[in-house]
Amino acid sequence: MRLSQYLFSTSKESSKEAEYSSHKLMLRAGLIKKFAAGIYSYLPLGYRVLAKISSVIEDEMDHIGAQRLLLPFLQPAHLWKKSGRWRNYGKELVRFQDRKGADFALGPTHEEIITQLVKEEISSYKRLPLTLYQIQTKFRDELRPRGGVIRAREFLMKDAYSFCRNKEELISVYQKMKGVYERIFSRCGLNYKVVEADTGPIGGKVSEEFIALASSGEDKIVVCKHCGYTAKLEKAEYEPLEEAQNELKAMKEVSTPNARTVQEVSQFLHCRPRDILKTIFYQTEKGLIAVLIRGDHQINEAKLKTLLKVKKLEIAGNNLIKEEIGVEPGFTGPVGLDKYRLIADNTVMRSQNLVAGANRKDTHLLNVNAGRDFQPTIIGDIGFPLSGDMCPFCKSRMEVRRGIEIGHLFQLGEVYSRSLKATFLNEKGEEDYFVMGCYGIGVSRLLAAIIEQNHDSQGVIWPPEITPFQAIVIPTSEKTLKVAEDIYQDLKDHGVETLWDDRDLSAGVKFNDADLVGIPFKVIVGDTFLKEDRIEIKTRREAKIEKVRKNMISQRMKELTQDAK
RNA sequence: CGGGAUGUAGCGCAGCCUGGUAAGCGCGCCUGCCCCGGGAGCAGGAGGUCGUGGGUUCAAAUCCCACCAUCCCGACCA
């Protein structure tokens with residue numbers, strides 16, 4: 001492709017809208033263009049990467065016999081009404097009516113459609129297991145799109161669905177799919193972790209996420225470097241760091257005027273946040289409870305709900321607390337609160353001589369100790385881990401990392417086949433519900449994740465399998481333009497995906513653009529050619545230069561691109 | 001949906017406080033010359049409903065009100 005004729009523009013500055021380096025680089029390199037919040041066009045260069053990723057996906061999915069198809073983006077509402085999600089999905093599901101007044105939705109996911117399709121097509125166990133997938137635009141009217149294509153409203157997704165005879169077959173397909181995902185993400189040049197995850201509104205029981213490590217990611221995970229344990233923060237088990245055993249000191253009242261928050265109290269008393277005991281009140285259907293956790297940790301309400309076996313769990317309002325306890329939040333503590341259920345986090349039990357509210361205005365207690373000064377009703381893990389907390393399995397210190405969710409696996413079971421009455425006949429001639437799994441990859445989001453992990457101060461560094469072009473031929477002046485064209489033709493003829501920078505610009509501009517866009521090999525036709533009759537090949541990632549004779553270029557480039565893969 | 005911020009040329013910004021001088025700068029774009037190994041130089045040029053609507057005023061990019069859009073934090077989220 002001649003660059004002068006390619007829809008291609010780079011800029012030195014990125015829009016002020018971009019916060020993440022991947023977003024900035026995608027805009028600067030001219031991969032995408034925004035039209036509304038979370039709505040993007042993929043320009044030719046960006047689209048080439050999407051196409052490359054798609055073909056890696058297709059290649060790997062093919063290995064396990066998954067079949068590609070294309071389902072409608074516009075979905076009739078009646079299937080959604082049957083599954084119950086017409087009401088339950090929330091405002092992310094865009095609903096509208098056609099000219100006849102029939103309800104439709106823009107597809108945010110395709111369980112209903114595919115289940116209906118398979119229900120109509122498959123009636124015998126002999127045709128199972130069956131795995132189908134598509135790569136298609138999804139629309140979710142997100143509350144807050146962010147990070148460019150990291151969380152867009154319209155985005156490209158690969159979604160696969162498996163239909164099995166029974167649970168065992170589902171588990172076997174699921175495991176194969178997990179292997180496929182691992183190979184896809186590795187080929188895309190990604191550093192990722194597999195973590196246990198919640199199933200959310202999709203439903204089902206078992207679920208794992210693939211998280212690409214990135215400081216700009218929205219998801220937090222804990223990683224144990226020692227034994228490899230990884231989990232989403234909200235699901236993570238952990239043990240608080242063991243404190244040195246201190247002698248229990250006598251409890252003592254101190255005046256703490258206007259010091260309410262953990263930060264204020266720790267500053268006022270010159271202690272660490274972890275020396276403070278937080279008391280948070282929740283209203284439940286079983287009455288008001290007090291939840292106790294160490295000052296440096298946060299309460300995980302999902303864990304708390306499970307531990308208490310309650311449905312309703314709401315932070316108690318200031319007025320209610322004042323009425324019940326007789327003091328405003330900030331000065332509450334567990335001592336003397338025996339008539340309420342006291343739920344203590346493990347962190348509280350592992351610490352001695354904590355600072356807690358005295359249930360009196362502007363007053364705290366020093367040296368409060370669980371077991372001696374108050375008796376917790378229930379003790380358990382109800383917090384989020386912090387970096388430095390211990391792995392539940394090997395007791396090593398764990399780290400909290402951020403990442404971008406790039407893939408998600410679900411064992412759905414019979415959730416959709418039951419609601420849509422999708423059955424097949426088993427060996428005994430009886431009707432069974434399909435046992436389903438579904439498996440997603442955020443294809444457009446992968447672009448951002450890959451760039452997050454593969455860039456430097458100059459720009460993007462594309463991994464070899466998904467680079468939009470493998471090489472760019474750069475003549476450094478008019479004198480070498482013709483030779484450059486010959487080389488470009490030669491490379492093209494030999495199947496090397498090549499750009500030819502025929503623009504009338506200074507060499508520096510061309511080098512910088514090539515680096516910004518991240519082309520793995522620059523083929524430079526300049527002084528070295530004029531003086532030494534050699535062409536330079538310079539690599540993007542390592543900036544290594546080798547000099548090659550003109551007639552050897554295509555052969556050498558073929559070798560280099562093969563090696564890179 | 002709560003908190004914070006921003007809307008002036010394709011992009012990045014100044015002007016606004018203190019209304020009138022003035023629609024201005026840099027990048028990019030077009031023409032010509034000159035350059036050509038890491039974002040050159042000179043000369044000329046095109047490009048604007050100052051987010052939208054209303055109000056105040058002799059006069060509004062500038063002051064006031066409402067709305068819209070966008071971004072960030074949070075909540076939310078296959």
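Because the structure is predicted, anything quoted here is derived from the model rather than measured. All heavy atoms count here, side chains included; hydrogens, waters and symmetry mates do not. Proteins come first, then strands; the chains are lettered A, B, ... in the order of their sequence lines, and each starts at number 1.
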Please give the distance between the [atom1] atoms of [N] and [M] as a whole number of Å.
{"N": "B:A14", "M": "B:C73", "atom1": "P", "answer": "22 Å"}
{"N": "B:U31", "M": "B:C68", "atom1": "P", "answer": "44 Å"}
{"N": "B:C67", "M": "B:C1", "atom1": "P", "answer": "12 Å"}
{"N": "B:C30", "M": "B:C17", "atom1": "P", "answer": "38 Å"}
{"N": "B:C65", "M": "B:A22", "atom1": "C1'", "answer": "28 Å"}
{"N": "B:A40", "M": "B:G45", "atom1": "P", "answer": "24 Å"}
{"N": "B:A69", "M": "B:G28", "atom1": "C1'", "answer": "25 Å"}
{"N": "B:U49", "M": "B:G26", "atom1": "C1'", "answer": "25 Å"}

Is it true that a side-chain atom of [X] and a backbone atom of [Y] form a donor plus acceptor pair closer than 3.5 Å?
{"X": "A:Thr539", "Y": "A:Lys544", "answer": "yes"}
{"X": "A:Arg445", "Y": "A:Ile150", "answer": "yes"}
{"X": "A:Asp515", "Y": "A:Gly459", "answer": "no"}

Of the candidate nucleotides [options], which contains the atom at the shortest distance from the side chain of [X]?
{"X": "A:Gln458", "options": "B:C73, B:G39, B:G38", "result": "B:G38"}
{"X": "A:Glu17", "options": "B:C73, B:C71, B:C11", "result": "B:C71"}
{"X": "A:Ala36", "options": "B:C73, B:U70, B:C1", "result": "B:U70"}
{"X": "A:Leu143", "options": "B:G38, B:C76, B:C71", "result": "B:C76"}
{"X": "A:Asn512", "options": "B:C77, B:G12, B:G39", "result": "B:G39"}

* Taking the chi torsion of B:A61, is it syn (within 90° of 0) or anti (everything else)? ->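 Anti conformation for B:A61.
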Counter-base of [N], judged by Watson-Crick or G-U geometry with both distances under 3.5 Å:
{"N": "B:A66", "value": "B:U52"}
{"N": "B:A43", "value": "B:U31"}
{"N": "B:U57", "value": "none"}
{"N": "B:C16", "value": "none"}
{"N": "B:G74", "value": "B:C1"}

[X] [atom1] to [N] [atom2], straight-line distance once rounded to whole Å:
{"X": "A:Lys220", "N": "B:C73", "atom1": "NZ", "atom2": "P", "result": "12 Å"}
{"X": "A:Arg151", "N": "B:C77", "atom1": "CZ", "atom2": "P", "result": "10 Å"}
{"X": "A:Arg144", "N": "B:G74", "atom1": "CZ", "atom2": "C1'", "result": "8 Å"}
{"X": "A:Glu19", "N": "B:G4", "atom1": "CD", "atom2": "C1'", "result": "13 Å"}
{"X": "A:Asn88", "N": "B:C76", "atom1": "CG", "atom2": "C1'", "result": "16 Å"}
{"X": "A:Glu234", "N": "B:G74", "atom1": "CD", "atom2": "P", "result": "14 Å"}
{"X": "A:Asp501", "N": "B:G39", "atom1": "CG", "atom2": "P", "result": "15 Å"}
{"X": "A:His23", "N": "B:U70", "atom1": "NE2", "atom2": "P", "result": "13 Å"}

* To do: Please say which of A:Leu45, A:Val460, A:Leu31 ends up in a side chain to side chain contact (heavy atoms under 4.5 Å, CB included) with A:Val517.
  =>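 Exactly one option meets the side chain to side chain contact (heavy atoms under 4.5 Å, CB included) with A:Val517, and it is A:Leu45.
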* Parallel, tilted or perpendicular: which fits the ring planes of A:Phe163 and A:Phe434, with parallel below 30° and perpendicular above 60°? ->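 Geometry flag for A:Phe434 against A:Phe163: perpendicular rings.
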* Taking the six-membered ring of A:Trp86, is the NZ or CZ of A:Arg95 close enough (under 6.0 Å from the centre) and on axis enough (within 45°)? ->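 Output yes; distance and angle both within limits.
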* Return no unless some side-chain N or O of A:Arg146 is found under 4.0 Å from OP1 or OP2 of B:C73. =>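 A:Arg146 to B:C73 OP1/OP2: side-chain N or O found under 4.0 Å.
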* Asked: Going 5' to 3' along nucleotides 28-37 of chain B, which nucleotides have protein heavy atoms under 4.0 Å from the base (write B), which only from the sugar-phosphate (write S), and which from neither (write -)?
  -> -------BBB
Using a 4.0 Å heavy-atom cut-off across all strands, classify [X] as base, sugar-phosphate, or nothing.
{"X": "A:Gly407", "answer": "nothing"}
{"X": "A:Asp515", "answer": "base"}
{"X": "A:Pro145", "answer": "sugar-phosphate"}
{"X": "A:Lys16", "answer": "sugar-phosphate"}
{"X": "A:Glu142", "answer": "nothing"}
{"X": "A:Arg445", "answer": "nothing"}

* Could you check A:Asp219 against A:Gly38 and say which one's nearest nucleotide on RNA chain B is further toward the 5' end? =>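 Going by which nucleotide is closer to the 5' end, it is A:Gly38.
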* Asked: Starting at the 5' end of RNA chain B, which residue's closest nucleotide do you reach first, A:Tyr439 or A:Gly147?
  ->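 Counting from the 5' end, the first nearest nucleotide belongs to A:Gly147.
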* **Centroid-centroid distance, A:Phe210 to A:Phe185, less than 6.0 Å** =>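 Ring-ring flag for A:Phe210/A:Phe185: true, centres closer than 6.0 Å.
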* Asked: Around atom NZ of A:Lys119, are there more than 12 heavy atoms of other residues, nucleotides or ligands at under 6.0 Å?
  ->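 Correct, the count exceeds 12.
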* Counting only heavy atoms not in A:Gln489, do more than 12 fall under 6.0 Å of its CD? ->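 Enclosed: over 12 neighbouring heavy atoms sit under 6.0 Å from CD of A:Gln489.
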* Pick one: which of A:Arg85, A:Gln75, A:Lys81 meets side chain to side chain donor-acceptor pair (under 3.5 Å) with A:Glu112? ->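 Of the listed options, the one satisfying the test is A:Arg85.
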